[in-house]
Amino acid sequence: MPSYTIGGREIDMKLETKLIQAGVGRDEKTGAVSFPVYYATAYRHPALGQSTGYDYTRTANPTRTILEETIAEAETGDAGFACASGMAAVHTVMGLFSQGDHLIVSLDLYGGTYRLFEQVLSRYGLTFSYVDLRNIGALQDAIRPDTKAIFVETPTNPLMQITDIRAVTQLAKQHGLLTIVDNTFLTPYCQRPLELGADIVLHSATKYLAGHNDVLAGLIVTKGEELSEKIRFLHNSIGAVLGPQDCWLLIRGMKTLALRMERHQSNALIVAEKLREHPAVAEVFYPGLAEHPGHEIQVNQATGHSGMVSFRVRDVEQVGLFLQNLQIVSFAESLGGVESLCTYPATQTHADIPQEVREHVGVCDRLLRLSVGIEHPDDVVADLFQALNASLVVGGSVR
């Protein structure tokens, strides 16, 4: 129900309402406000050649249908697909390509995606070039006769680099290429790449969409009937689909997305501004800061900046002490939940990227990544500051 009627005039629902209304009224028999979890793997056919629309749960499940319709509406796409994880979603989309195909990928990239591309898919004959997509000239130069798609992270993980999605999609269309955008950090609440010309949007829905560090999930949204049918075939054939209980948990999490993202963003801006003032911190990366490279592009293509903040300490020896002394912020390998988390990319999210590649990109051993939660910002800042203060004491002396 993406729209409603007032006085004979059709009104489009706002995103917040679409998310809250996910599944409401869809269980017509009972009128359940919370759409039920359908655990059935098989469904009875009314007669030979007839179907209720559900045959086998890998192909379709009623709970999953609600989730997939909701994310498609949220991203203003034509079809949504729920997968067992964010990486399952990426792998499913990669099924579009064949041996000998080439993709251009964001230079600063989540380590799990890099691992899949370089250690798995490269064995099947796919090749990948990693390009700073902020440089449209470099992107143009990287296009080859066998190039089929551009894979974009924006903001990138973990350096928060901003890519101009409109510029990339315009160039992609000129060369007949697909544009695939990982929208995990911003979600459709802050950014809708399909409206900017992208063909496919991906999410690690484990993160902000679910929002509570309690469900593993991935989502795909496509634009266009032909592309949607190709992904539907791959989704069913590969079979890395999301189970019904996790679909229900994800629907529940998405209902509060708007409220959570507002708090994540306001907290993150406070944290980023405060971190700039601390003597233990050398550099802060947050698109919401006016001085952040790409801030103007971000403002023009998105309505928010999310809750992700990265920063560099001044000395690599500070890292262990800082992480050891955190109390409210958890040293953990994820993001997007209501609890604040801190990750050390060099040994966690980006450990599978060779050190020389990591350091060339800028993911050095002094870099830390914060997922700022929805706690009171004063408490988060106080915890970060006491841990940073402790990190300045190395070898019994204050640096």
Side-chain angles (χ1 to χ4, degrees), residues 37 39 41 57-61 63-68 70-72 74-75 77 79-97 105-106 109-121 124 126 151-153 156-158 180-188 200-222 231-254 257 306 308 332-339 341 343 345 348-353 369 371:
V37 183
Y39 288 108
T41 58
T57 199
R58 170 167 43 80
T59 305
N61 173 281
T63 312
R64 199 171 83 223
T65 295
I66 296 297
L67 171 61
E68 291 172 337
T70 299
I71 191 60
E75 286 284 10
F81 306 90
C83 300
S85 68
M87 293 313 305
V90 176
H91 202 170
T92 297
V93 169
M94 290 299 109
L96 291 168
F97 307 107
V105 184
S106 292
L109 184 73
Y110 169 55
T113 306
Y114 181 91
R115 177 179 58 221
L116 174 67
F117 289 174
E118 293 301 317
Q119 297 184 32
V120 179
L121 296 180
Y124 294 90
L126 298 184
F151 188 101
V152 182
E153 273 190 14
T156 59
N157 180 5
I180 305 161
V181 179
D182 185 330
N183 202 29
T184 298
F185 274 17
L186 290 183
T187 81
I200 299 174
V201 170
L202 294 167
H203 292 275
S204 173
T206 311
K207 312 306 194 297
Y208 283 111
L209 290 174
H212 294 80
N213 290 318
D214 60 5
V215 61
L216 180 69
L219 294 172
I220 305 166
V221 182
T222 50
I231 294 294
R232 181 171 286 108
F233 171 80
L234 291 165
H235 189 230
N236 182 49
S237 299
I238 293 170
V241 301
L242 191 62
Q245 178 67 36
D246 288 339
C247 287
W248 184 87
L249 285 169
L250 185 47
I251 293 167
R252 185 179 67 170
M254 288 167 59
L257 178 67
S306 191
M308 300 305 299
E333 190 172 346
S334 192
L335 62 97
V338 293
E339 303 90 357
L341 306 180
T343 298
Q348 293 181 304
T349 56
H350 290 64
D352 285 306
I353 298 179
R369 190 193 72 189
S371 174

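A quick note: this is a predicted structure, and the numbers were derived from the prediction, not measured.
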Heavy-atom pair with the smallest gap, counting every atom of A332 and T343: O-OG1, 2.7 Å
Under a 3.5 Å distance rule, please check whether E153 uses its side chain to pair with a backbone N or O of N157 as donor and acceptor. yes
Provide the closest heavy-atom pair for C83 versus I220 in the form atom of the first, atom of the second, distance. SG-CD1, 3.8 Å
Identify, with sequence neighbours excluded, every residue that meets side-chain hydrogen bond (donor to acceptor under 3.5 Å, both in side chains) alongside Q348. none
Between the side chain of T184 and the main-chain N/O of S204, is any donor-acceptor distance below 3.5 Å? yes
Exercise: identify the closest heavy-atom pair between L216 and L242: O-CD1, 3.4 Å
May I have the step-by-step check of ring-ring contact (aromatic ring centres under 6.0 Å, His included) for F151 and F117, ending in yes or no? CA-CA 11 Å; F151 188 101; F117 289 174; 5.5 Å; yes
Over all atoms of both residues, closest heavy-atom pair of P158 and H350: CD-NE2, 3.4 Å
When every non-hydrogen atom of T63 is compared with those of C247, the smallest separation belongs to CG2-CB, 4.0 Å
L116 CG to M94 CE distance, which is reported to the nearest 0.5 Å: 8.0 Å
Just by modelled atom types, is the V241 backbone N or O under 3.5 Å from a matching donor or acceptor in the R64 side chain? no
Show your reasoning for whether side-chain contact (heavy atoms from CB on, under 4.5 Å) applies to I200 and V181. CA-CA 6 Å; I200 299 174; V181 179; over 6 Å; no
